[in-house]
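In what follows, every chain begins at residue 1, and chains take the letters A, B, ... in the order their sequences are listed.
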Amino acid sequence: MDGMDGARPRAPERIAQQEWPTGAAEARALQERLAPLVRHEALDSGAVSLVAGLDVAYSADDDRLAAAAVVLAAPEWEAVDSATVVSSPRFPYVPGLFAFREAPALLEAVARLRTQPDVLLCDGFGVAHPRRFGLACHVGLALDRPVLGVGKTPFVGRADEPAPQRGAWSPLVDGGEVVGRCLRTRAGVKPVYVSVGHRVDLASAADLALRAAPHYRVPEPVRHADRLCRERLAAA
DNA sequence: GCGACAG
DNA sequence: ATCTTGTCGC
């Protein structure tokens, strides 16, 4: 785990296969090495039509988990494809090391999709993370696709309360830098936290998150994925 | 040292 | 994440 010569990951696809961390210290080190590879790129959210939502559900009694990937089509957000995977966690839950727990199953679910989404939306964070490498970044680099993260509760940083109307937002700041956006997707309802995963910039990510959430607080793709993985867990 | 801490 | 019903309000 040290080959400090050519061991630096260049091909994102290798993240899920080689050097999978066995402990927390190792996992954090991997995040620090991969964080610089995250790219912020402008994305024409108006040209986006297929958005995948990713989420995971856990069993209450046994140690199973179900991951779901659902592709919805704008502007009505009807589901056009989906895939689920049932497995068990390969890493304990440690705040900040979320991806090592959920990414394997999520990536497998995405691999089973027959439709290639334009963007993927994760239930969690991207660069709004202690080491600037949350789940959405992990998934983004692994797939080398545009990914953004939407979290329901703040993890790092602080943000002022956005104005009460839908669309209002305030920057999420951590350590002196803007790592995300506190966005009001629904008037008078608690805001969500959007951050860049990979290959999108913050403005594009927030714009997409807002248009993907025309009725509820949580974006449709994530809501759908949430529902699907729960059903899958109950059925299997 | 202590508390906080995505799902 | 998960354990959990009804209820108030738009």
Legend entry - Residues A/E108, A/R112; criterion salt bridge (Lys or Arg N to Asp or Glu O under 4.0 Å); working and verdict: CA-CA 6 Å; A/E108 202 180 320; A/R112 294 187 184 182; 2.8 Å; yes

Legend entry - Full working for side chain to side chain contact (heavy atoms under 4.5 Å, CB included) between A/R211 and A/S45: CA-CA 9 Å; A/R211 69 167 63 213; A/S45 61; 3.9 Å; yes

Inset, instruction - Please work out which residues in residues 51-61 of chain A have a non-hydrogen atom less than 4.0 Å from an atom of DNA chain C and list them by number. - result: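 Per residue number, the list reads A/A57, A/Y58, A/A60.
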
Solution key, residues 229-236 of chain A side-chain donor-acceptor pairs under 3.5 Å, sequence neighbours excluded:
unit_1: A/R230; atom_1: NE; unit_2: A/D226; atom_2: OD2; d: 3.1
unit_1: A/R230; atom_1: NH2; unit_2: A/D226; atom_2: OD1; d: 3.3
unit_1: A/R230; atom_1: NH2; unit_2: A/D226; atom_2: OD2; d: 3.1
unit_1: A/E231; atom_1: OE2; unit_2: A/R227; atom_2: NH1; d: 2.7
unit_1: A/R232; atom_1: NE; unit_2: A/T84; atom_2: OG1; d: 2.8

Legend entry - Start and end of chain A contact along DNA chain B [non-hydrogen atoms, under 4.0 Å]: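 On DNA chain B, the outermost contacted nucleotides are B/dC5 to B/dG7.
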
Inset, instruction - Can you tell me the distance, in whole Å, between the CG atom of A/D226 and the C1' atom of C/dA1? - result: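 The distance from CG of A/D226 to C1' of C/dA1 comes to 10 Å, rounded to the nearest Å.
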
Would you tabulate the side-chain donor-acceptor contacts of residues 175-189 of chain A under 3.5 Å, counting partners in other chains and residues two or more places apart, or write 'none'?
unit_1: A/E177; atom_1: OE2; unit_2: A/R132; atom_2: NE; d: 3.1
unit_1: A/E177; atom_1: OE2; unit_2: A/R132; atom_2: NH2; d: 3.2
unit_1: A/R184; atom_1: NE; unit_2: A/A163; atom_2: O; d: 3.0
unit_1: A/R184; atom_1: NH1; unit_2: A/E161; atom_2: OE2; d: 3.4
unit_1: A/R184; atom_1: NH1; unit_2: A/V189; atom_2: O; d: 3.0
unit_1: A/R184; atom_1: NH2; unit_2: A/E161; atom_2: OE2; d: 3.0
unit_1: A/R184; atom_1: NH2; unit_2: A/P162; atom_2: O; d: 2.5
unit_1: A/R184; atom_1: NH2; unit_2: A/A163; atom_2: O; d: 3.4
unit_1: A/T185; atom_1: OG1; unit_2: A/R217; atom_2: O; d: 2.7

So which protein nitrogen or oxygen atoms get under 3.5 Å of nucleotides 4-10 of chain C's nitrogens or oxygens?
none

Inset, instruction - Measure the CG-CZ distance between A/D174 and A/F155 for me, rounded to the nearest 0.5 Å. - result: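 Rounded to the nearest 0.5 Å, the CG-CZ separation comes out at 10.0 Å.
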
Legend entry - Residues touching DNA chain B, which here means a heavy atom under 4.0 Å, drawn from residues 119-129 of chain A: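 Those residues whose heavy atoms fall under 4.0 Å from DNA chain B, taken from residues 119-129 of chain A in numerical order, are A/D123, A/F125, A/H129.
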
Inset, instruction - Flag yes if A/V196 and A/L172 sit in one hydrophobic cluster, no otherwise; membership is Ile, Leu, Val, Met, Phe, Trp, Tyr, and two members link when side-chain heavy atoms are under 4.5 Å apart. - result: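 A/V196 and A/L172: separate clusters.
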
Legend entry - Pairwise salt bridge (Lys or Arg N to Asp or Glu O under 4.0 Å) hits with a residue in residues 82-102 of chain A, at least two apart: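 The answer is none; no pair qualifies.
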
Legend entry - Test item: A/P191 and A/W169 side chains (from C-beta on) under 4.5 Å apart, heavy atoms: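 In short, these two side chains do not touch, never coming nearer than 4.5 Å.
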
Inset, instruction - Starting at the 5' end of DNA chain B, write a dot or bracket for each base, bracketing those in Watson-Crick or G-U wobble pairs whose two distances are under 3.5 Å and using | for partners on another strand. - result: .......

Legend entry - Partner residues of A/D201 under the salt bridge (charged side-chain N to carboxylate O under 4.0 Å, His left out) criterion, sequence neighbours left out: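 With neighbours one apart ignored, the set is empty.
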
Legend entry - Stems formed with participation of DNA chain C [Watson-Crick or G-U wobble, under 3.5 Å, three or more pairs]: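 Paired runs of 3+ in DNA chain C: none detected.
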
Side-chain donor/acceptor pairs under 3.5 Å, residues 145-153 of chain A, sequence neighbours excluded:
unit_1: A/R145; atom_1: NH2; unit_2: A/P117; atom_2: O; d: 2.5
unit_1: A/K152; atom_1: NZ; unit_2: A/D123; atom_2: OD1; d: 2.9
unit_1: A/K152; atom_1: NZ; unit_2: A/D123; atom_2: OD2; d: 3.1

Inset, instruction - Considering only Ile, Leu, Val, Met, Phe, Trp and Tyr, and joining two whenever side-chain heavy atoms are under 4.5 Å apart, list the other residues clustered with A/V85. - result: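 When side chains under 4.5 Å apart are linked, A/V85 ends up in no cluster with other residues.
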
